[in-house]
Amino acid sequence: MTEASAAPQPVAETLRSEAAEELAQIRASVVEVLDEQADLRRTHELMVGAPGHDPQLHELLTAELGLLGLVVPEHLGGLGLDVPAATAVIEELGARLVPGALATSLTAILAARALGPSAEPLLARVVAEQLTLASALAEDGAGWDLEQTATRATGTGAEWALTGTKTLVAGAEAARIVLVTARDGGGELGVYAVDLAADGVDVQTHMTLDQTRRLSTVHLREAAATRVDAPDGEGARVLLDHVRAMLALESAAAARACLDLTVEYLKVREQFGRPIGSFQALKHRCADLAVAVAGARATADHLVTTLHTGAATRSHDAALAKLVCTDTLMTVAAEAIQLHGGIGFTFEHDAHLFFKRAKSAQLLAGSPATVRAEVAALAGL
Amino acid sequence: MTEASAAPQPVAETLRSEAAEELAQIRASVVEVLDEQADLRRTHELMVGAPGHDPQLHELLTAELGLLGLVVPEHLGGLGLDVPAATAVIEELGARLVPGALATSLTAILAARALGPSAEPLLARVVAEQLTLASALAEDGAGWDLEQTATRATGTGAEWALTGTKTLVAGAEAARIVLVTARDGGGELGVYAVDLAADGVDVQTHMTLDQTRRLSTVHLREAAATRVDAPDGEGARVLLDHVRAMLALESAAAARACLDLTVEYLKVREQFGRPIGSFQALKHRCADLAVAVAGARATADHLVTTLHTGAATRSHDAALAKLVCTDTLMTVAAEAIQLHGGIGFTFEHDAHLFFKRAKSAQLLAGSPATVRAEVAALAGL
Amino acid sequence: MSDEQFRAEIRGWLHEALTGPFAEAVGTGGEGREHEAHELRREWERHLGRAGWIGLGWPSEYGGRPATMAQQVIYHEEYARAGAPGRLGHMSEQLLGPTLLAFGTPEQKARFLPGITSGEDIWCQGYSEPGAGSDLAGVRTRAERRGDSYVITGQKVWTSLAHLADWCFVLCRTDPDSTRHAGLSYLLVPMDQPGITVRPITQLTGTSEFNEVFFDGAVAAVEHRVGAEGEGWKVAMGTLGFERGVSTLGQQIGFRRRLDAVIARAHENGAWQEPALRDRLVEAYIGLEVMRHSAVRLLASAGGGLSGLEASISKLQWATWNRSLGELAVDVEGAGALLTGPEYELDDAQTHFLFSRANTIYGGSNEIQRNIIAERLLGLPR
Amino acid sequence: MSDEQFRAEIRGWLHEALTGPFAEAVGTGGEGREHEAHELRREWERHLGRAGWIGLGWPSEYGGRPATMAQQVIYHEEYARAGAPGRLGHMSEQLLGPTLLAFGTPEQKARFLPGITSGEDIWCQGYSEPGAGSDLAGVRTRAERRGDSYVITGQKVWTSLAHLADWCFVLCRTDPDSTRHAGLSYLLVPMDQPGITVRPITQLTGTSEFNEVFFDGAVAAVEHRVGAEGEGWKVAMGTLGFERGVSTLGQQIGFRRRLDAVIARAHENGAWQEPALRDRLVEAYIGLEVMRHSAVRLLASAGGGLSGLEASISKLQWATWNRSLGELAVDVEGAGALLTGPEYELDDAQTHFLFSRANTIYGGSNEIQRNIIAERLLGLPR
């Protein structure tokens, strides 16, 4: 029944050691920038004002570190690194709840990579013009159910025009290109790239419960578009899987960061004359959180391997990791508020940022119940 | 939506003070007998042998304390006490996991009381002949779904013959009369009394996972029966509600007993040089159990009031109490094994008796999922 | 007066008041909405007081009104059912009033209770301190006696309504050499004086219900000390015990309204068809039923006032339940619940989701309640 | 040999053995079934040993066979997949062997390891004591030195296979004035001697997997002490650490088989149509996936052996998961699961339900694992 997934698994795919070292270097240089420019204090400042993200940080990571070309093949002008380089950056952004379109750009680039040759022109243009990206799948009423996509693509070959409304788009407030799922005249679902500066495109950005992640409504009225995926009908699913992967990776990293800050607090905060981290009830709860975080970490890592190797279990693994990692973040963040006591309830503190991020990660790209049902179906249960 | 149950509730129905005192006396005399003759050591002995219950205890409680007549009206030969007298005894039996047909007898008597004048001849006979009772509702495949009852009643007026097979009947191994749900020629569901000693009746008693509660299959082949309920079609539901009430009351009392024995153990058992009950993680878990037990206790008490006052919410309250009390017992008993450590895993210890009893209480008379769905429907959600 | 008559009277009065001059106040000031409509709600307190609806069961000489326990429950039920405004006088009536009735001198009662029953005086509570949290015995705010006055220095936190309140009841350390429970005193301090600074705390909802209160040479009269010097712990614990059970049933009516709204919403938007959400909604319904039966049982056995232990069980139950319902409310909405108003204005589900995180922290956190239940109800060793 | 060749070899060998002389042994001796088919399983140990399947990765001089970590994982996977019998040699191979390899003298290795790899000698573990439970440092069994021997007095408990075992590795207090971790020694004790009495413990399943072992003047040779006198704690903790990760993946294959069986049953009897049960089954599937990914990750990073910390996380995960699945297995059966055989014979679901309660207690209870994780992984203060 679940024989497919019970089949012998290779002991975790390990990178060639040169690749592993390169990856470590990239992570270190990103961490250095983020620790200086994008810690939680900075997220706190950005999230309450306009434009809600940090253009300077964006510039630094793209122009100086070449983030947009990181995993774009060399023949398209990129650095040609493998999937784990991009996912490592998404994790570091996620751990700090960095607002804006950096993670959504890397996510869309990973998706485009996976779409094959048909997406190469887009990737080349992204690197050449340093374009940031977002992905737009949800629609009113339909949510992220691809079957119900109503946005229409008209045209043929190279030139398309899209009409429809996409909702709850993350990163659109800072992106230039949006990858949009739409249905052509024959009813076939595809992925199209739309320039947000084009005629017929209107982006309306909302304030959000999760203040670290603004969401936009994107109205398309005969907006010019290029088709990005191959006409095999799988492109939209590839895009959805990558959006879920982003939420999973961000959440696993955020869960760990949130647990860390909670544990540090418990070590120093005293009550009844001793550090509250010495109270066994709190210790046991933290231990359970640590186990959950380790599990989330493992499913996220497995997903990276899946994306890296192009394994056929992508949809299953992305759905499962999204579910496990976002639920874990919610558990950890909720406990973080409780374990911090009153201070964790203040706006000034960081705990609520993780808590709000957890809820948006749970509800975006399919609710837990929806995704769980998908996992069951994909696993053949 | 839930306006009916949101309507102002009277502050808990309190018994007249004389009645309360009488009730306390009855409970005390039953407790005295049970503490001496039916503690958990005795249950331990009885449950592994034949006949699986204690005829002497039965004799003592019925002949000397008049238990079978306790809540039978005086004009039918009983003591004429109110519902709470019978439910108090069921609780005390439940707290000690006493095997046999005492609780099922009281339950069937309470149900018969609630069925009105049509059941009076049966009640009179029960007192006069000191007959013990059980209730048989479940059938293979159908479980406790009354709609699916397939046992057939043929005949008219006073004389009926039943044909069918009832499964998972508690108390039948020690009972003389079984109340059976069956459908007449017109398809109407009714409650019939069958003498287990009659022709055409075959009782097959099984060993059970919950060794404190044996279950029987009752085969009926043209077995002579009398109809007990009024022809209003409500009788079977009355019987089911009372069976659930029994499970609820037993479980609430058992949960408390099980928590008590666990707490006592934690106070005396030492590890790492101190009583393990001083470890905060265990204390907090016990506190949560205490809250659950208090909640179960409250729903059970409310159900007693409902049965006592004949309130229209009987089915709802019985289903809800059954669900809450049996789930609470499972939670408490599972924690009891864990908190006792290795010793709680031995056959000799009492913890597993509660654990096994919890599972039978959860699964008999409707699984948690079934009963939960019923509660939602009855509450108009 | 029969209970039915009493119910008809309060229901009629509320209906008239809330469809008339206070129509705008309906639904304001609830949990997470303490920042709303202060002026109107202050006027509402006076209106309530003039009509004799504050101090039910208190002696008439202090402006109270005779009422049985059942009638007090009815009052709270009808108040919640009508969606009447959140009470600015909650601390005054539920905490300070009973404390003064139990521990106050005749002069203190005569001086302060009428201001409460008239709805005129608003009180706030000065217990928690930064760094002490749920450990009330860790109070470090000092009160130094100078003649007929105490001079107070220190800081309190999580003081709701401090910016509106006329008075504050403050737990201070009057014996500088004392530790823990000893050496504390319970002082009544006027808020309108130079030595007091109030600074609002912005919560994760973006709004402010709570404040920090800084005492820097603030003065309280010695005659306004409740109980003997050094016995403040006993008085304060008495106050905590006075969080009386009668309001519990009223609170449940509010919970029921909220649950009904969430269930109605689930039916409306199809979430009810999702088994996992439906299951959680049914679970919430069952949890509320359990709390209702528990409250009825506790009140019946306790004669209307909850002991500290019963209050601990009740607090743990409702705080945890309401927090779960808050998350469920947002989950029922689905991803649409992620959008707020342009200035982070929150709707009911969002407010419930965020604010209910405080339920399990304030007024004795879940952890503190579990300690109390384990040690005092179950007798487990410290 | 490639991994594929290795897999083919062990798979082929198992198939042959288990369809041939040991067909009856298939499925025996698993969790909660330790009491089954002892004679046949003892013969199976010898059969395994003769074929060179015991001591993978151990030096050849002691009868071991070279095998990479990946091959060891494959071995355990195939073993579980084939439904091969529960290993009577588990303690010998997984616990004592690695301990001797790390701490034993050359003479001890030469004396004892070949008996393990041949499947001839069965060992049992003498750690837990009544009254000490998970607190291993509370050992009170005494070993008094007399010449070339230790004379042992005391009691061990939860000793599986003691009634079958040839030898027992016993943690004893050799310094009578010592407390806690100091003064303990690690002794190898032959079971067939007058000073040892074994009494089976009947479990809640009605069967016996575990025993009490009474030492009353039992003798162990001084040369059979592993490590220095007084250093038993270090050696024993080393052994615990040797519960190696390679068997973890094999264990997961067993879990998968069990989960698949429960899901298949749910489809068969309609339980799958019940949303609450289906949800729990999907949850179990997800939990197993998480454990699988965790194990792969840990093995990749740890190079095949789990540290104590990783072992704690893994133990907490699988014990809790398997316990939940046990209850789910019975719930999927429904009320029919309440009937047993006439002598309390239990079916798979019932055995799983009952026996899995031990998972979270033995081998370091969930509580002990949480202590370890909190203090040693998270660094929370004691």
Side-chain angles (χ1 to χ4, degrees), chain A residues 47-48 138 140-141 143-144 167-168 170 205-211 213-217 269-273 276 279 281-282 285 330 333-334 336-353 355-356 358-370 372-373, chain C residues 128 130-135 137-138 157-158 179-180 201-210 269-271 274-280 323 327 330-347 349-350 353-355 357-358 360-362 365-368 370-371 374:
Chain A
M47 72 185 197
V48 293
D140 247 0
W144 283 262
T167 57
L168 303 167
T205 299
H206 308 278
M207 287 299 277
T208 40
L209 187 71
D210 168 11
Q211 292 156 294
R213 174 152 30 218
R214 299 212 176 157
L215 298 170
S216 301
T217 304
R269 163 78 165 162
E270 298 207 353
Q271 243 181 356
F272 304 101
I276 60 176
F279 288 104
L282 307 194
R285 280 157 62 184
M330 178 47 87
I337 292 178
Q338 182 69 24
L339 292 169
H340 275 86
I343 194 80
F345 191 66
T346 61
F347 194 83
E348 190 185 321
H349 198 269
D350 295 329
H352 70 104
L353 305 192
F355 181 69
K356 293 168 177 175
K359 188 46 78 188
S360 80
Q362 277 186 318
L363 295 180
L364 291 173
S367 71
T370 314
R372 181 184 294 256
Chain C
S128 294
S134 291
D135 180 15
V157 75
W158 304 115
T179 57
R180 308 293 303 157
I201 299 170
T202 306
Q203 303 144 196
L204 50 76
T205 50
T207 56
S208 296
E209 318 262 294
F210 300 114
N269 76 359
E274 172 55 64
L277 288 174
R278 183 167 67 233
D279 201 53
R280 288 167 64 196
R323 192 176 71 177
E327 182 162 10
V330 156
D331 288 345
V332 159
E333 290 297 332
L338 297 174
L339 306 184
T340 69
E343 302 293 332
Y344 207 61
E345 298 90 343
L346 305 174
D347 65 19
Q350 293 165 335
F353 174 56
L354 294 181
F355 194 84
R357 306 316 294 192
T360 53
I361 297 171
Y362 66 44
S365 67
N366 277 10
E367 290 74 24
I368 293 290
R370 290 194 186 100
N371 283 344

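Throughout, a chain's letter reflects where its sequence line sits, starting with A, and its residues are numbered from 1. All heavy atoms count here, side chains included; hydrogens, waters and symmetry mates do not. This is a predicted model, so every value here is computed, not measured.
Both the backbone and the side chain of A:A334 have a heavy atom closer than 4.5 Å to some heavy atom of chain C. Heavy atoms of A:L168 lying under 4.5 Å from chain C belong exclusively to its side chain. With a 4.5 angstrom heavy-atom cutoff, A:L353 does not touch chain C via any of its atoms. With a 4.5 Å cut-off on non-hydrogen atoms, A:S367 does not touch chain C at all. In this structure, chain C has a heavy atom under 4.5 Å from the side chain of A:Q362, while its backbone stays farther away. In this structure, the portions of C:A358 lying under 4.5 Å from any heavy atom of chain A include both its backbone and its side chain.
What you find for A:F272 and C:I368 is that their closest heavy atoms are CZ-CD1, 3.8 Å. Scanning all heavy atoms of the two residues, the minimum distance from C:F353 to A:M330 falls at CZ-CE, 4.0 Å. Counting all heavy atoms, side chain and backbone alike, A:W144 lies closest to C:A335 at CZ3-CB, 3.7 Å. Residues A:Q338 and C:I361 share a closest heavy-atom pair of OE1-CG1, 3.6 Å.
For the set C:E274, C:E327, C:Q350, C:R370, the entry with the most heavy-atom pairs within less than 4.5 Å of chain A is C:E327. Top candidate by heavy-atom pairs under 4.5 Å with chain C, chosen from A:G344, A:G143, A:A369, is A:A369. Listed options A:H349, A:R285, A:R213, A:E270 were ranked by heavy-atom pairs under 4.5 angstrom with chain C; first place goes to A:R285. Annotation: maximal heavy-atom pairing with chain A below 4.5 Å, among C:N366, C:D331, C:N371, occurs at C:D331. Here A:H206 is the residue among A:H340, A:H206, A:R214, A:E348 with the most heavy-atom pairs under 4.5 Å with chain C. When each of A:G342, A:A351, A:G341 is checked for heavy-atom pairs under 4.5 Å with chain C, A:G342 comes out on top. Between chain A and the options C:L277, C:L346, C:L354, C:I201, heavy-atom pairs under 4.5 Å are most frequent for C:L354.
Taking the six-membered ring for Trp and thresholds of 30 and 60 degrees, C:F355 and A:F345 have ring planes more than 60 degrees apart, a perpendicular arrangement.
With sequence neighbours left out, the side chain to side chain donor-acceptor pair (under 3.5 Å) criterion links C:E209 to no other residue.
Two residues are said to be in side-chain contact when any heavy atoms from C-beta on lie closer than 4.5 Å; A:M207 and C:E345 fail this criterion.
A 6.0 Å sphere centred on CG of C:N269 holds more than 12 heavy atoms belonging to other residues, nucleotides or ligands.
Checking A:L209, A:T167, A:L215 one by one against C:L339, the side chain to side chain contact (heavy atoms under 4.5 Å, CB included) holds for a single residue, A:L215.
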